[in-house]
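First up is the structure itself, then whatever we jot down about it.
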Amino acid sequence: MIIDWKAHILPGLDRKCDSHVKAIQLMIYAKKAGVDKLVAMPFYEPGTDLRQFIEMRDEAFASVHGGVVAEDMPELVLGTEFKYDKQILDTDGVELLKETPVLLVDFGGKLPSDEELKALRDYFGDRLMVSDADTLSDEDKLRLTGLGFQSVVDLSEIRHSKDIKKLLPFVESGFVRGFGGDKLAGRDPYRHLEKTKRRMGEGFEKLCKKLC
């Protein structure tokens, strides 16, 4: 099963997806590339109204899932990405965020303390993964692995042989769970998928065995 864990396809919430037409285009791209499942991944900015964001997110998801997705399109799953903030667990409405099937946290390339990481992990559980793991050092990847985290990487960052060689040990360890098409959301986010599949070989197959 091929899953895009970071599909920006919710109109009005996701950058470069300003209409249902764009959402359909992205789903068609995914279908042609052989993607089986898309995790809709709007971005929540800490410090803003979380309850309002969730209300808008749910409305946008329902409009796409109920009115756009056809039987032959990839399955659509609800997710949310958020930038890490020390106050996130004290934010009004965080219990609603916890109910989201898939969550990504963006650490901005710098990890907080082990205590903060453990608090995140304890609260959100396995539904929480690390976004943009390709921006982290190998030392940070090992640290997160030891704390039980998994991650996704950007598809556009793993198309070269050197990137794949560096990534494979973390696929083997289970830290890298899959990919997302984030940075290419405005165009075809899967244009590198076939090349990546060939170059990763068995490593790509291991990614695809991880189910949502």
Side-chain angles (χ1 to χ4, degrees), residues 3-10 12-17 38-61 77-158 166-167 169-171 173-185 210 212:
I3 303 171
D4 178 0
W5 293 91
K6 202 174 183 184
H8 292 300
I9 60 171
L10 295 188
L13 281 180
D14 285 316
R15 51 189 179 274
K16 297 186 179 179
C17 186
L38 297 170
V39 183
M41 195 61 66
F43 191 87
Y44 166 69
E45 188 69 45
T48 60
D49 190 324
L50 178 55
R51 291 186 181 276
Q52 183 181 50
F53 166 82
I54 289 176
E55 182 178 349
M56 293 172 61
R57 180 203 69 180
D58 291 351
E59 288 179 359
F61 182 79
V77 177
L78 181 61
T80 294
E81 181 180 10
F82 63 91
K83 189 172 182 179
Y84 179 70
D85 180 87
K86 287 186 176 182
Q87 305 302 318
I88 187 65
L89 297 184
D90 296 320
T91 301
D92 181 40
V94 71
E95 71 281 359
L96 300 175
L97 187 63
K98 184 180 181 180
E99 295 173 1
T100 306
V102 182
L103 294 170
L104 292 181
V105 56
D106 177 5
F107 290 117
K110 185 177 180 180
L111 298 186
S113 67
D114 280 5
E115 182 179 358
E116 292 171 84
L117 289 170
K118 288 176 182 177
L120 272 180
R121 173 77 177 160
D122 289 345
Y123 187 78
F124 290 116
D126 291 339
R127 62 169 44 83
L128 179 66
M129 296 188 290
V130 180
S131 175
D132 298 330
D134 47 278
T135 65
L136 298 171
S137 68
D138 287 355
E139 181 180 353
D140 282 344
K141 291 187 183 77
L142 290 171
R143 184 178 160 204
L144 287 166
T145 301
L147 291 170
F149 282 90
Q150 291 182 308
S151 70
V152 299
V153 295
D154 195 289
L155 183 60
S156 65
E157 300 297 328
I158 57 175
K166 186 177 180 181
L167 178 71
F170 296 99
V171 174
S173 72
F175 176 64
V176 174
R177 187 172 181 178
F179 68 83
D182 181 30
K183 293 180 182 176
L184 302 175
K210 308 293 184 182
C212 182

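Please read these numbers as outputs of a predicted model, since none were measured by experiment. If you read the sequence from its start, that first residue is 1, and numbering goes on from there.
Nearest heavy-atom pair across Asp138 and Phe170 is OD1-CE1, 3.6 Å. Across Pro42 and Gly79, no two heavy atoms sit closer than the pair CD-O, 3.1 Å. Here the shortest heavy-atom pairing between Ala40 and Ile9 reads CB-CG1, 4.2 Å.
Rounding to the nearest 0.5 Å gives a distance of 15.5 Å between NZ of Lys98 and OG1 of Thr80. How far CG of Leu96 is from CD of Glu55: 10.5 Å, rounded to the nearest 0.5 Å. Gln150 CD to Thr145 OG1: the interatomic distance, rounded to the nearest 0.5 Å, is 9.0 Å. Note that CD of Glu59 and CG of Leu13 are 9.5 Å apart. Values are rounded to the nearest 0.5 Å. Residue Asp140 holds its CG atom at 9.5 Å from CZ of Phe107, rounded to the nearest 0.5 Å. Distance check: Leu97 CG to Thr91 OG1 gives 9.0 Å after rounding to the nearest 0.5 Å.
The backbone N or O of Ile88 sits nowhere less than 3.5 Å from a side-chain atom of Tyr84 that would complete a donor-acceptor pair. A donor-acceptor distance shorter than 3.5 angstrom exists from the side chain of His8 to the backbone of Met41, with no hydrogens or angles considered. A donor-acceptor distance shorter than 3.5 angstrom exists from the side chain of Asp49 to the backbone of Gln52, with no hydrogens or angles considered.
You'll find the side chain of Val77 reaches within 4.5 Å of the side chain of Val102, heavy atoms only. Within the 4.5 Å cutoff, the side chain of Phe82 has no heavy atoms near those of the Leu50 side chain. Between Arg51 and Asp92 the shortest side-chain heavy-atom distance falls below 4.5 Å. Using a 4.5 Å heavy-atom cutoff, the side chains of Leu167 and Val171 are in contact. Side-chain contact between Val152 and Val130 is absent, with no heavy atoms from C-beta onward closer than 4.5 Å. For the pair Asp4 and Val39, the minimum side-chain heavy-atom distance is 4.5 Å or more. Annotation: side chain of Thr100 is in contact with side chain of Arg57 (closest heavy-atom distance under 4.5 Å). Between Leu111 and Arg143, the closest side-chain pair of non-hydrogen atoms falls below 4.5 Å.
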Apply side chain to side chain contact (heavy atoms under 4.5 Å, CB included) to the pair Asp154 and Phe179, showing each step before the final yes or no. CA-CA 6 Å; Asp154 195 289; Phe179 68 83; over 6 Å; no
Test log, rule salt bridge (Lys or Arg N to Asp or Glu O under 4.0 Å), inputs Glu81 and Lys6: CA-CA 8 Å; Glu81 181 180 10; Lys6 202 174 183 184; 3.5 Å; yes
Please step through side chain to side chain contact (heavy atoms under 4.5 Å, CB included) for the pair Phe124 and Val94, ending with a clear verdict. CA-CA 10 Å; Phe124 290 116; Val94 71; 4.0 Å; yes
Would you sort out whether Phe149 and Leu128 count as a side chain to side chain contact (heavy atoms under 4.5 Å, CB included), showing the intermediate values? CA-CA 8 Å; Phe149 282 90; Leu128 179 66; 4.0 Å; yes
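A donor atom on one side chain and an acceptor atom on the other are found under 3.5 Å apart for Glu116 and Ser113.
Within the cation-pi definition used here (under 6.0 Å to the ring centroid, within 45° of the axis), Lys141 does not qualify as a partner of Phe175.
Under 4.0 Å is where a charged nitrogen must lie from a carboxylate oxygen, and between Arg121 and Asp126 at least one such pair does.
Residue Glu95 qualifies as enclosed at atom CD: its count of foreign heavy atoms under 6.0 Å is above 12.
Using cut-offs of 30° and 60° for the angle between ring planes, the Phe53 and Tyr44 rings count as tilted.
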